[in-house]
Amino acid sequence: MSEDMPDSLIPYDEIVQEALRAVVGRVLGQVESSGGVLPGDHHFYIPFKTQAPGVSVPKHLTERFPDEMTIVLQNKFWDLKVEEALFRVSLTFNQIAAELVIPFGAITAFVDPAVNFALQFQAQVDEQDLEPHDEAENDATPLPAPPPADGSNVVTVDFGKRK
């Protein structure tokens, strides 16, 4: 292909990101439909940008995680509600209950370590130079399993412009 490829007038990257985020919505919707019961050993790690538009997280959590945090849906979560553009869930952090509202556009990844499945997303917010932080973990959850070293079952889409 030519080095001087014209920019696409079709926003393929946005279309693909939207479709992959719909996978997350569909999976969470199935969990909601089953009364919040995860099938088998399935559990989810969901990192998201805490400052993205529409995110609602208690102030003490955004102070601790000013840029990004990861929630775990496994044992201690309730009131999962999935809407077209976002989901709501209640979790505990240091034994304090918190309701979170997370638009699908704020999610940066979705991992189900039980089956080595992972999706990675481009953030839909402006990147900021915020200080580093520890990973957020809601109560009684193990650390996420790393994605397979061979990259199997990981979908990463990056439509960077060629120069």
Side-chain angles (χ1 to χ4, degrees), residues 12-58 61-62 64-125 127 132-159:
Y12 289 113
D13 54 343
E14 293 173 22
I15 294 167
V16 171
Q17 291 290 312
E18 185 179 311
L20 291 175
R21 283 189 168 92
V23 171
V24 177
R26 184 170 175 183
V27 169
L28 293 177
Q30 288 178 349
V31 172
E32 177 189 15
S33 295
S34 70
V37 177
L38 291 164
D41 292 330
H42 290 276
H43 56 288
F44 312 128
Y45 296 96
I46 307 173
F48 65 96
K49 294 290 188 178
T50 56
Q51 300 300 320
V55 169
S56 176
V57 176
L61 292 174
T62 56
R64 186 170 169 203
F65 307 101
D67 179 41
E68 185 173 71
M69 67 184 284
T70 300
I71 60 169
V72 181
L73 301 186
Q74 186 172 13
N75 298 320
K76 292 186 176 184
F77 72 94
W78 63 98
D79 293 336
L80 176 64
K81 302 288 183 226
V82 180
E83 299 176 22
E84 184 175 334
L86 57 83
F87 70 98
R88 302 170 188 276
V89 67
S90 294
L91 302 162
T92 57
F93 298 86
N94 295 325
Q95 300 179 353
I96 298 171
E99 181 186 52
L100 286 72
V101 177
I102 305 169
F104 293 117
I107 297 173
T108 59
F110 177 82
V111 180
D112 184 347
V115 293
N116 291 324
F117 179 80
L119 295 172
Q120 295 178 336
F121 305 105
Q122 296 170 355
Q124 292 183 333
V125 295
E127 293 298 320
H133 58 81
D134 296 330
E135 287 297 314
E137 290 190 26
N138 38 300
D139 294 343
T141 57
L143 292 174
D150 65 359
S152 63
N153 293 329
V154 176
V155 177
T156 303
V157 179
D158 184 8
F159 289 94

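In this structure, D79 and E99 have side chains that are not in contact, with every pair of non-hydrogen atoms separated by 4.5 Å or more. Taking the side chain as every heavy atom from C-beta outward, Y45 and D112 never approach each other to under 4.5 Å. Side-chain contact between I46 and I102: absent, with no pair of heavy atoms (C-beta onward) separated by less than 4.5 Å. Side-chain contact check for N116 versus V111: every heavy-atom pair is 4.5 Å or farther apart. Q120 places none of its side-chain heavy atoms less than 4.5 Å from the side chain of T108. Considering only heavy atoms from C-beta on, F93 stays 4.5 Å or farther from V57 through its side chain.
In terms of modelled atom types and a separation under 3.5 Å, the side chain of E68 and the main chain of P47 share no donor-acceptor contact. Within the 3.5 Å criterion, the main-chain N or O of F44 finds no donor-acceptor partner in the side chain of Q74. With hydrogens and angles disregarded, a donor-acceptor distance shorter than 3.5 Å links the side chain of T50 to the backbone of F65.
Residue pairs satisfying the salt bridge (charged side-chain N to carboxylate O under 4.0 Å, His left out) criterion with at least one member in residues 22-43, sequence neighbours excluded, are absent.
In terms of heavy atoms, G54 sits closest to P103 at C-CG, 3.5 Å. For W78 against A97, the heavy-atom pair with the smallest separation is CZ2-CB, 3.9 Å.
One distance of note links NE2 of H43 with CG of N75; it measures 9.0 Å at 0.5 Å rounding. In this structure, CD1 in I107 is found 11.5 Å from CG in L20, a value given to the nearest 0.5 Å.
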Please report the C-alpha distance between L100 and F77 in whole Å, then the side-chain angles of each, then the deciding distance to 0.1 Å, and finally whether the side-chain contact (heavy atoms from CB on, under 4.5 Å) criterion is met. CA-CA 11 Å; L100 286 72; F77 72 94; over 6 Å; no
side-chain contact (heavy atoms from CB on, under 4.5 Å) for L28 and L73? Distances and angles first, verdict last. CA-CA 10 Å; L28 293 177; L73 301 186; 3.8 Å; yes
Where do R21 and Q17 land on the side-chain contact (heavy atoms from CB on, under 4.5 Å) test, with the steps shown first? CA-CA 6 Å; R21 283 189 168 92; Q17 291 290 312; 3.4 Å; yes
Evaluate the side-chain contact (heavy atoms from CB on, under 4.5 Å) criterion for residues V23 and F110: first the C-alpha distance (whole Å), next the side-chain angles of each, then the deciding distance (0.1 Å), finally the verdict. CA-CA 10 Å; V23 171; F110 177 82; 5.9 Å; no
Could you tabulate the donor-acceptor pairs under 3.5 Å formed by side-chain atoms of residues 80-91, not counting sequence neighbours?
{"from": "E83", "atom 1": "OE2", "to": "R88", "atom 2": "NE", "distance (Å)": "2.9"}

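With V37 as the partner, the side-chain contact (heavy atoms from CB on, under 4.5 Å) test is satisfied by one option alone out of P39, S33, S34: S34.
For F48, there are no ring pair (Phe, Tyr, Trp, His ring centres under 6.0 Å) partners two or more places apart in sequence or in a different chain.
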